[in-house]
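Right, one structure below, let's go through it.
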2 protein chains.
Amino acid sequence: MTRSTEDGGRRIRRVTLADVARRAGVDKAVVSRVVNNDPLLNIRPETRARVLAAIKELDYRPNAAARSLRTTRTGTVGLFIPDFANPVYAEIITGAETAAAARDCVLMVGSSTAGGSARGYLDLLGPGRVDGLLLAGGAITDEEQAVLADRGLPWLFVNRRGGGGRHVVLADGLAARIAVEHLVELGHRRIAHVGGPADADTAQRRRDGYAAALRAGGLAEDPRLIVQGDYEPDGGARAAHRLLDGPEPPTAVFVANVTAAIGVLSALQAHGLSVPDQVSVVAVHDLPLAAHLVPPLTTVRMPLQALGARAVELLLSAPADQPVEEVVRDPIELVVRHSTAPPPH
Amino acid sequence: MTRSTEDGGRRIRRVTLADVARRAGVDKAVVSRVVNNDPLLNIRPETRARVLAAIKELDYRPNAAARSLRTTRTGTVGLFIPDFANPVYAEIITGAETAAAARDCVLMVGSSTAGGSARGYLDLLGPGRVDGLLLAGGAITDEEQAVLADRGLPWLFVNRRGGGGRHVVLADGLAARIAVEHLVELGHRRIAHVGGPADADTAQRRRDGYAAALRAGGLAEDPRLIVQGDYEPDGGARAAHRLLDGPEPPTAVFVANVTAAIGVLSALQAHGLSVPDQVSVVAVHDLPLAAHLVPPLTTVRMPLQALGARAVELLLSAPADQPVEEVVRDPIELVVRHSTAPPPH
DNA sequence: CTGAAAGCGCTTACAG
DNA sequence: CTGAAAGCGCTTACAG
């Protein structure tokens with residue numbers, strides 16, 4: 001029987017498997033198998049048609065909680081990110097969401113801005129909520145990793161090489177080399193680097209790529225040209241100021257992140273330096289607004305959506321007890337705009 | 001008994017209420033009531049202590065699916081947004097997430113970039129997943145609203161006045177007035193407006209606020225100074241170009257959205273106009289990067305986090321069968337930077 | 001080819 | 001003050 005509850009005039013029906021079974025004149029088990037497309041089910045076409053009709057007429061939708069309880073599968077994947085305001089994660093989320101939907105899964109994104117640590121997020125989730133957890137970004141402590149392992153939940157680091165040997169990353173080193181080689185080809189010889197946060201794995205890989213590109217170009221690394229920043233405009237601006245206070249300023253800056261590069265651009269202007277006439281700037285990650293900065297920023301576009309999508313696929317398909325270490329190899333593209341040019345004179 | 005399954009060498013224990021009850025020497029019902037802090041439970045302190053100890057020793061966590069099935073409450077609220085890349089939603093999400101966590105709830109955010117429509121998102125969710133749905137932004141059709149009503153799920157529009165009379169919004173009109181009054185006070189008399197998308201309710205309210213401020217300042221509305229844009233840099237740039245192609249260009253521009261204003265700034269530069277010497281620019285919504293634009297952008301900071309938080313609170317507490325129409329009254333603040341100045345000569 | 005039954009892990013009226 | 005029992009809505013081995 002379809003239960004109807006009057007809730008202040010608003011009818012809240014809840015249609016169950018049993019309702020459909022009754023209507024179609026079959027057992028619940030049959031309906032369940034039809035709903036789930038059980039390949040082992042051998043059913044007369046007309047019976048199936050009757051079931052399908054009943055489902056449609058009653059507008060039946062399986063209850064996710066009941067299903068999860070029975071199967072211990074929830075059909076949702078968790079994604080933990082440091083901050084929704086960082087546009088880089090927006091693209092990762094979009095890719096992950098699409099991949100999840102393609103597998104009839106739903107994505108649950110949490111950030112550390114609200115819940116605090118990944119650990120707090122895990123506690124909030126508890127068992128029976130997600131089938132696995134994606135952890136993006138750099139703010140994961142060893143303690144949190146231990147908790148993860150203890151929960152018996154499949155997990156995967158996204159663009160961060162974790163201790164557990166379960167991660168999917170982008171070729172950040174390659175991205176850095178592409179950026180720096182672009183500057184070398186333009187003729188720059190004093191190429192500075194505004195790096196990312198010390199604890200970010202991406203920052204380290206980009207810094208390594210920077211070093212490799214300098215070597216490949218026959219240029220010596222100058223420690224005074226390497227300053228640490230973060231992935232925010234303020235941090236980029238502060239880093240640029242430190243760089244320009246040095247004795248012999250660079251003719252080009254490779255910034256580890258596009259958001260930080262916004263701060264770098266403004267700091268250069270504040271120092272009275274013209275981009276790209278006096279200093280060139282190139283950054284990792286492209287953004288719609290990069291084309292509208294002054295000057296339009298040259299960037300290296302990363303396959304962030306592919307990263308998010310691949311992360312979901314691996315989480316749902318790779319065995320949870322074995323290492324996964326994958327580098328997403330989708331194309332990385334140099335987007336040349338107007339912030340890079342040959343060095344002055 | 002604690003069931004242990006060997007999963008490729010990884011032990012996946014699942015501790016249930018029954019395990020805790022056995023260990024503490026009480027009935028499952030007692031443990032359940034202790035876990036849920038049932039005020040009607042009259043229990044000897046030492047018994048409670050024994051239960052609590054058992055919970056801790058076994059590291060018991062209630063299974064969310066089982067709980068949901070029994071109570072028909074999921075402890076999760078859904079939030080549907082148009083696009084994760086829009087930084088405005090990042091702040092709303094953060095506020096909503098915090099408010100949800102404060103109520104031991106989890107937030108599930110979905111976007112239309114992946115799933116398509118709000119309807120597709122609802123279908124993906126199905127029953128038993130969320131206790132209610134928050135719908136932010138403007139891309140909601142009447143058909144979707146009908147589906148919503150049919151699902152028997154509490155819902156609330158966020159910063160959009162929906163047909164159903166269930167919404168929480170910001171004082172967008174006031175924000176527009178604050179911005180335009182700032183320009184009027186600086187002495188501007190030809191104040192243009194780059195508006196938002198035609199179907200966005202926020203765009204309409206900001207436009208109304210713009211009109212009201214002009215009237216209050218004794219200025220006539222000039223239709224040639226009002227152009228439609230959207231909430232993206234490209235749209236802002238295109239709108240600004242159209243504005244400047246007119247016969248008598250404005251001395252100031254009020255932009256409906258900070259992201260669009262980035263495009264407006266670049267378009268003004270492309271026309272050889274200096275900001276703020278020749279044209280002033282002010283926009284709704286503040287962003288960390290606004291301080292690093294060239295020139296640093298004057299904005300109107302909106303209480304977006306408060307909006308997100310209030311939305312969750314209302315969704316979870318307001319009766320689902322009655323209209324809710326609330327305007328969040330947290331302070332709206334003019335952030336004066338360097339993109340606004342008195343008009344030339 | 002289809003049905004009956006057990007059970008996933010909880011909560012909640014009810015009994016004592 | 002605590003326990004026994006029913007049941008939320010499914011799925012899945014098993015019986016016939």
Side-chain angles (χ1 to χ4, degrees), chain A residues 1-3 5 12-51 54-55 58-75 126-129 131 152, chain B residues 1-3 5 12-51 54-55 58-75 126-129 131 152:
Chain A
M1 176 205 45
T2 301
R3 275 162 306 104
T5 324
I12 297 189
R13 324 162 315 176
R14 175 177 261 177
V15 181
T16 71
L17 256 196
D19 297 320
V20 178
R22 210 168 299 113
R23 175 130 184 169
V26 298
D27 189 84
K28 290 187 307 170
V30 177
V31 181
S32 171
R33 287 174 181 128
V34 168
V35 167
N36 294 305
N37 276 315
D38 183 348
L40 298 179
L41 173 62
N42 216 333
I43 192 177
R44 273 206 303 269
E46 59 188 65
T47 312
R48 182 190 296 272
R50 238 176 31 242
V51 172
I55 289 173
L58 296 175
D59 192 26
Y60 168 70
R61 293 153 202 287
N63 181 289
R67 200 175 247 183
S68 299
L69 177 57
R70 189 51 236 240
T71 61
T72 68
R73 275 204 67 243
T74 63
R129 281 237 216 235
D131 293 332
Chain B
M1 175 206 47
T2 302
R3 274 164 307 103
T5 324
I12 297 190
R13 323 164 315 178
R14 175 176 260 178
V15 181
T16 73
L17 255 197
D19 297 320
V20 177
R22 210 168 297 114
R23 175 130 184 169
V26 299
D27 189 85
K28 290 188 307 171
V30 177
V31 180
S32 171
R33 287 175 182 126
V34 167
V35 168
N36 295 307
N37 277 314
D38 184 347
L40 299 178
L41 173 62
N42 216 334
I43 192 177
R44 274 206 303 269
E46 58 189 66
T47 311
R48 183 190 294 272
R50 236 172 37 238
V51 172
I55 289 174
L58 296 175
D59 192 27
Y60 168 69
R61 294 154 201 286
N63 180 288
R67 201 175 246 182
S68 300
L69 177 57
R70 188 53 235 240
T71 60
T72 68
R73 276 204 65 243
T74 63
R129 282 239 215 233
D131 293 332

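Note on naming: letters A, B, ... go to the chains in the order of the sequence lines (proteins, then strands), and numbering restarts at 1 for each one.
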Give Thr72(A) one of three labels, base, sugar-phosphate or nothing, depending on what nucleic acid heavy atoms sit under 4.0 Å from its own.
nothing
Between dG7(C) (C1') and Leu17(B) (CG): distance, integer Å:
16 Å
note: Leu41(A), atom CG; dA13(D), atom C1'; distance rounded to Å ~ 15 Å
Could you check which of dA4(C), dG7(C), dG3(D) has an atom nearest any side-chain atom of Arg70(A)?
dG7(C)
Student check: side-chain heavy atoms of Arg67(B) and Asn36(B) closer than 4.5 Å:
yes
Asp27(B) has an atom CG; how far is it from atom P of dG16(C), in whole Å?
15 Å
So for Arg67(A) and dG9(C), does any side-chain atom that can act as donor or acceptor lie under 3.5 Å from a complementary atom in the base?
no
Could you say whether Lys28(A) or Ala65(B) is positioned toward the 5' end of DNA chain C, judged by the nucleotide with the nearest heavy atom to each?
Lys28(A)
Can you identify which nucleotide, out of dG9(D), dT12(C), dT2(D), has its nearest atom closest to the Arg44(B) side chain?
dT2(D)
Between Arg50(A) (CZ) and dT2(C) (P), how many Å, whole number?
8 Å
Please pick, from dG9(C), dT11(D), dT11(C), the nucleotide with the shortest atom-to-atom distance to any side-chain atom of Asn63(B).
dG9(C)
Let me know the distance between OH of Tyr60(B) and C1' of dC10(C), rounded to the nearest Å.
7 Å
Smallest separation among heavy atoms of Tyr60(B) and Thr16(B), with atom names
CE1-C, 3.6 Å
Result for 5'-nearest mapping on DNA chain D, choosing between Leu69(B) and Val26(B), is Val26(B)
Any donor and acceptor pair, going by atom type alone, linking the side chain of Thr74(B) with main-chain N or O of Asp131(B) inside 3.5 Å?
yes
For DNA chain C, what are the stems built from at least three Watson-Crick or G-U pairs in a row, each pair having both distances below 3.5 Å?
C:1-3 with D:14-16, C:5-12 with D:5-12, C:14-16 with D:1-3
Keeping the roles fixed (side chain from Ser68(A), backbone from Ala64(A)), state whether a donor-acceptor pair exists under 3.5 Å.
yes
Taken to the nearest whole Å, CG/Leu40(A) to C1'/dT2(C) is 14 Å
Does Ile43(A) reach the side chain of Arg33(A), with side-chain heavy atoms less than 4.5 Å apart?
no
Whole-Å distance separating the CZ atom of Arg33(A) from the P atom of dC1(C):
14 Å
Short side-chain to backbone donor-acceptor contact, Asn63(A) and Ala65(A), under 3.5 Å:
yes
Scan Asn36(A) against the nucleic acid and name what it touches under 4.0 Å (heavy atoms): base, sugar-phosphate only, or nothing.
sugar-phosphate
Could you tell me whether the phosphate oxygens of dT2(C), OP1 or OP2, come under 4.0 Å of any side-chain nitrogen or oxygen in Thr47(A)?
yes
Ile43(B) side chain: which of dG3(C), dA4(D), dT2(D) is closest?
dT2(D)
Option from Val31(B), Val26(B), Val30(B) for which side-chain contact (heavy atoms from CB on, under 4.5 Å) with Val20(B) holds
Val31(B)
Please check the phosphate of dT11(C) (OP1 and OP2 only) for any side-chain N or O of Ser32(B) closer than 4.0 Å.
yes
Specify the separation, in whole Å, of atom CZ of Arg129(A) and atom C1' of dC10(C).
14 Å
Does a side-chain N or O of Arg14(A) approach OP1 or OP2 of dG9(D) to a distance below 4.0 Å, or not?
yes
Using the side-chain heavy atoms of Asn42(B), tell me which of these nucleotides is nearest: dT2(C), dC1(D), dT11(D).
dC1(D)
Side chain of Asp27(B), backbone of Ala29(B): donor and acceptor closer than 3.5 Å?
yes
